[in-house]
Enquirer: 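My questions all concern the structure below.
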Amino acid sequence: MPIYLDNAATSHPKPESVYQAVDHSLREIGVSPGRGGYRRGLEATRIIFDAREKLAELFGIHDSARLVFTGSATEALNLAISGMLRPGDHAVTTTMEHNSVSRPLRLAETRGTIITRIPCDRSGVINPRDLAAALRPDTRLIVLSHCSNVTGTIQPIAEIGRLANRAGVAMLVDAAQSAGILPIDVEAMGINLLAAPGHKGLLGPQGTGFLYIGEGLELPPLLVGGTGGHSSDEEQPEEMPARFESGTLNTPGIAGLRAGVEFILTTGCETIRKKELSLVRQMLEGLAELKGISLYGPAPENERGGIVSFTVDGRDPAMIGFTLDQQYDIEVRTGLHCAPWAHRTIGTYPAGTIRVSPGWFTTETEIETFLRAMRQIITT
Ligand SMILES: Cc1ncc(COP(=O)(O)O)c(C=O)c1O
């Protein structure tokens with residue numbers, strides 16, 4: 001097997017229980033949730049209910065019905081951004097966002113929403129004072145990622161949440177790189193909308209994600225259609241979560257996601273974080289010893305997520321990634337990582353960086369092998 005260091009794209013491998021849950025759901029249950037009243041139908045419904053409850057537990061969400069399943073973080077972000085912003089509204093974001101945030105915002109901009117993009121510093125951090133200064137009476141939404149997928153920079157979400165709540169502005173957090181990796185409590189951090197994928201830090205299968213919609217927020221669904229109940233109504237039901245879950249849900253995926261979240265709850269977010277940080281430190285220290293390497297993001301001694309981005313003087317990141325794959329069987333991501341704004345911010349546009357992201361199953365030996373390969377590539 002290759003050494004996989006691209007867990008920021010999707011986590012792999014998954015805990016054994018995730019594979020078993022997907023297989024069991026597909027093979028033994030197989031029927032639609034929220035539809036048939038027969039026993040297997042109820043069992044499928046229970047899987048979905050239980051997955052929702054477990055996610056709510058992990059993120060401090062009191063009413064699990066306000067957590068709606070989506071096919072990805074991207075879908076969740078589109079649902080939140082297109083639902084919240086109307087022509088004439090004002091929204092604030094940062095220059096570190098993934099295209100899954102910046103493109104829906106750009107679309108809203110072409111439809112008449114006014115967007116302010118707050119520049120982050122070279123390590124990717126936003127100054128909450130700059131954000132506070134950008135708020136206006138018509139500001140409806142603050143949108144930002146918790147942890148950058150380019151640099152691993154962690155934004156001061158709780159502080160921004162406090163100032164957003166004081167100003168009466170909703171805050172949407174893109175937790176694609178933090179869910180399952182950093183502690184998140186929507187109440188304590190003042191998060192009104194939380195979007196996350198199921199297939200990264202939450203260790204579930206691809207094709208899963210969710211949006212948490214805080215109390216008091218009203219937004220239209222992206223899709224309307226069959227929800228399994230209220231079948232005589234012409235209109236989409238108001239009831240949560242059915243309002244946002246038209247069409248048959250991805251039950252095998254959500255069953256796997258439930259098992260992934262169970263694994264996190266049992267192992268403990270802190271234990272997972274500790275291990276990942278130790279691998280990241282090993283990588284940062286090893287890379288810093290090599291000649292011609294530039295590291296990006298927070299200073300090595302500061303807090304960061306499970307991501308390290310770097311470049312090598314005079315070398316194309318894409319070629320390094322190609323060599324790692326072809327000659328050393330090591331998989332990393334190179335280029336812009338769907339976040340061109342972030343690269344402009346840190347000074348690596350347009351070639352981008354080499355991004356290395358270990359996961360729960362990565363070993364110290366694999367990091368050592370990666371560092372040895374980098375040493376050889378640089379010296380040849
Ligand atoms: C910061 C960030 N936001 C959003 C996304 C989109 O996630 P998904 O591919 O699950 O839609 C990603 C995925 O890489 C990401 O890193």
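Just so it is clear, the values below take in all heavy atoms, side chains as well, and ignore hydrogens, waters and symmetry mates. Numbering of residues begins at 1 and proceeds along the displayed sequence. Both ligands and their constituent atoms are indexed starting at 1 by order of listing. Because the structure is predicted, anything quoted here is derived from the model rather than measured.
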Enquirer: Go through ligand 1 atom by atom and flag the ones less than 4.0 Å from a non-hydrogen atom of P197.
Expert: 10 (O)
Enquirer: Contact between Y328 and R372 at the side-chain level, heavy atoms closer than 4.5 Å - yes or no?
Expert: no
Enquirer: Please verify whether a non-hydrogen atom of Q206 lies at under 4.0 Å from ligand 1.
Expert: no
Enquirer: Are I48 and M240 connected in the hydrophobic side-chain network, where two residues link if heavy atoms are under 4.5 Å apart?
Expert: no
Enquirer: Determine, stepwise, if the pair R52 / E245 fulfils salt bridge (charged side-chain N to carboxylate O under 4.0 Å, His left out).
Expert: CA-CA 13 Å; R52 218 185 292 278; E245 290 180 350; 2.7 Å; yes
Enquirer: Give the residue and atom name of whichever protein heavy atom lies nearest to atom 2 (C) of ligand 1, and the separation in Å to one decimal.
Expert: A176 CB, 3.3 Å
Enquirer: Regarding Q236 and S246, do their side chains bring together a donor and an acceptor under 3.5 Å, going by distance alone?
Expert: yes
Enquirer: Any side-chain donor paired with an acceptor under 3.5 Å for T153 and S148?
Expert: no
Enquirer: Where is the nearest protein heavy atom to atom 15 (C) of ligand 1: which residue, which atom, and how far?
Expert: H98 CD2, 3.3 Å
Enquirer: Which ligand 1 atoms, with their elements, are less than 4.0 angstrom from a heavy-atom of S72?
Expert: 10 (O), 11 (O)
Enquirer: Between S145 and ligand 1, is there a nitrogen or oxygen pair with a distance under 3.5 Å?
Expert: no
Enquirer: Tell me which protein heavy atom sits closest to atom 7 (O) of ligand 1, plus the residue, atom name and distance to 0.1 Å.
Expert: A73 CB, 3.5 Å
Enquirer: For atom 6 (C) of ligand 1, what is the closest protein heavy atom, and at what distance to 0.1 Å?
Expert: T74 OG1, 3.5 Å
Enquirer: Among T94, I142, V173, find the residue that satisfies the side-chain contact (heavy atoms from CB on, under 4.5 Å) test when tested with I160.
Expert: I142
Enquirer: Identify, for atom 1 (C) of ligand 1, the protein heavy atom at the shortest distance, and state residue, atom and that distance.
Expert: D174 OD2, 3.4 Å
Enquirer: Could you list the atoms of ligand 1 found under 4.0 angstrom from a heavy atom of N149?
Expert: 1 (C), 16 (O)
Enquirer: Do T311 and Y296 have a side chain donor and acceptor closer than 3.5 Å?
Expert: yes
Enquirer: Hey, is K200 one of the residues with a heavy atom under 4.0 angstrom from ligand 1?
Expert: yes
Enquirer: Tell me, which protein residue and heavy-atom name are nearest atom 10 (O) of ligand 1, and how many Å apart are they?
Expert: H199 NE2, 2.8 Å
Enquirer: Given that the side chain starts at C-beta and the backbone is N, CA, C, O, which of these parts of E97 lies under 4.0 Å from ligand 1, counting heavy atoms, or is it both or neither?
Expert: neither
Enquirer: For the residue pair T113 and H90, confirm or rule out a side-chain donor-acceptor distance under 3.5 Å.
Expert: no
Enquirer: Could you check whether E97 and S102, counting side-chain N and O atoms only, form a donor-acceptor pair closer than 3.5 Å?
Expert: no
Enquirer: How close does the nearest protein non-hydrogen atom get to atom 16 (O) of ligand 1, and which residue and atom is it?
Expert: Q177 NE2, 2.7 Å
